[in-house]
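Structure record follows, encoded as structure tokens.
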Amino acid sequence: MRAPVGPDPTRPSIARVHDYSLGGKDNYEVDRRFFHDILQIAPRMRELPLMTRRWLDRVVRYLVCDAAIDQIVDIGAGLPAFRNIHEVAQQHNPRARVVYVDNDPLCCTHGRALLARHAGVQYVQADLTRPRALLSEVAEHLERDRPLAVILSSVVHHVPAEFDPDGIVREYTENLPPGSHLAINHYLDPADDPAAHRLARELENRFVRGLGSGWFRTRERIASLFDGLELVEPGVVEPGDWWPYGPAPRPRSLEERLMLGALGRIPNLRNR
């Protein structure tokens, strides 16, 4: 995988572009310029990360309130944003523990500085493509013999095919206790929708050319990431359709249809 950009102000960074798309201020002119170029072909692209963020809020609420999970690892966490995972989790369980993980030293430094005063919150630097090493890094902050949740939000689509995303995800599930949960969302190439397919292909081209990654994969490829897991209803769906708070206030934009997300549970009895 491409090495993280870190504080380099001459190259757009995945974390900083994402921060800007959410209305954050931890970004440079090069990041803003890149995102505005994206808006030229996808003018409602800001709606996609916002929808994904709301999905993440609902996933965390489900984990803490319904699944009784009180320890969460957010991998590829990026820069702290509004309504962070620990805020959602600790609103429902003040004793919930959250470990944020990223491979970008800038994200880690910034995250540690902003989150240091929060009890039960840690920020660790590690590489998501090395699951066993990453889980070992976070182990000192968690009780590894009890179920936990691993969140891979807006990050697996930055893993190139040659790194075997399915194998990486499988290695996480194989090294987590039964009853643990895994949440993933991923850019979608809707092959059955010509307009959405064309936009996905053009966005992928610009992301890979400008950021070094950002692949839009088919529904089948995304669903395969959850093989062997018990999917929480409604399964692999557009984030806006996963436990929504209520009816959609308007028709979904084309950009909002370029993502799928799901939450899976590691069964108590695994196939050997």
statement: Between Leu263 and the options Val236, Leu229, Leu63, the side-chain contact (heavy atoms from CB on, under 4.5 Å) test singles out Leu63

message: Using the side-chain contact (heavy atoms from CB on, under 4.5 Å) definition, which of the options Leu152, Ile222, Ile151 pairs with Ile184?
response: Leu152

Any chance you could measure [X], atom [atom1], to [Y], atom [atom2], to the nearest 0.5 Å?
{"X": "Ile14", "Y": "Leu79", "atom1": "CD1", "atom2": "CG", "value": "11.5 Å"}
{"X": "Asp26", "Y": "His110", "atom1": "CG", "atom2": "NE2", "value": "3.5 Å"}
{"X": "Met259", "Y": "Ser154", "atom1": "CE", "atom2": "OG", "value": "4.0 Å"}
{"X": "Asp164", "Y": "Thr129", "atom1": "CG", "atom2": "OG1", "value": "11.0 Å"}
{"X": "Arg46", "Y": "Ser21", "atom1": "CZ", "atom2": "OG", "value": "7.0 Å"}
{"X": "Leu148", "Y": "Ile266", "atom1": "CG", "atom2": "CD1", "value": "7.5 Å"}

Donor-acceptor pair, side chain of [X] and main chain of [Y], under 3.5 angstrom:
{"X": "Arg170", "Y": "Gly228", "answer": "no"}
{"X": "Thr109", "Y": "Pro105", "answer": "yes"}
{"X": "Ser136", "Y": "Arg132", "answer": "no"}
{"X": "Asn27", "Y": "Gly24", "answer": "yes"}
{"X": "Glu87", "Y": "Asn84", "answer": "yes"}
{"X": "Asp102", "Y": "Gly78", "answer": "yes"}
{"X": "Asn175", "Y": "Glu171", "answer": "yes"}

query: When the ring centroid of Phe207 is compared with that of Tyr187, is the distance short of 6.0 Å?
result: yes

message: Please tell me whether His141 and Tyr123 form a close aromatic pair, meaning their ring centres lie under 6.0 Å apart.
response: no

- request: Answer with yes or no whether the side chains of Ser153 and Asn185 bring together a donor and an acceptor at under 3.5 Å.
  value: yes

Modelled atom types, side-chain donor and acceptor of His86 and Tyr100, under 3.5 Å: yes

message: If you compare all heavy atoms of Ala96 against all heavy atoms of Ala89, which two are closest, and at what distance to 0.1 Å?
response: CB-CB, 4.0 Å

- line: Applied to residues 66-79, the side-chain hydrogen bond (donor to acceptor under 3.5 Å, both in side chains) test, sequence neighbours excluded, yields Asp70-Arg146

message: Quick test of your reading: applying side-chain hydrogen bond (donor to acceptor under 3.5 Å, both in side chains), list the pairs with at least one residue in residues 215-244, sequence neighbours left out, ordered by first then second residue.
response: Asp166-Arg221, Asp166-Ser224, His186-Arg217, Arg221-Ser224, Glu230-Arg265, Glu238-Arg252, Asp241-Arg252

Partner of Tyr20 under side chain to side chain donor-acceptor pair (under 3.5 Å), chosen from His36, Arg32, Arg33: His36

Pair Glu256 + Arg44: basic N to acidic O under 4.0 Å: no

Carboxylate-amine/guanidinium contact Glu202 Arg206, below 4.0 Å: yes

task: Kindly write out the residues that satisfy salt bridge (Lys or Arg N to Asp or Glu O under 4.0 Å) with Arg130, not counting sequence neighbours, or none if the list is empty.
output: none

message: In the structure I gave you, are the side-chain heavy atoms of Val59 and His181 within less than 4.5 Å of one another anywhere?
response: no

- prompt: Can the positive tip of Arg16 be found less than 6.0 Å from the middle of the six-membered ring of Phe34, inside 45° of the ring normal?
  reply: no

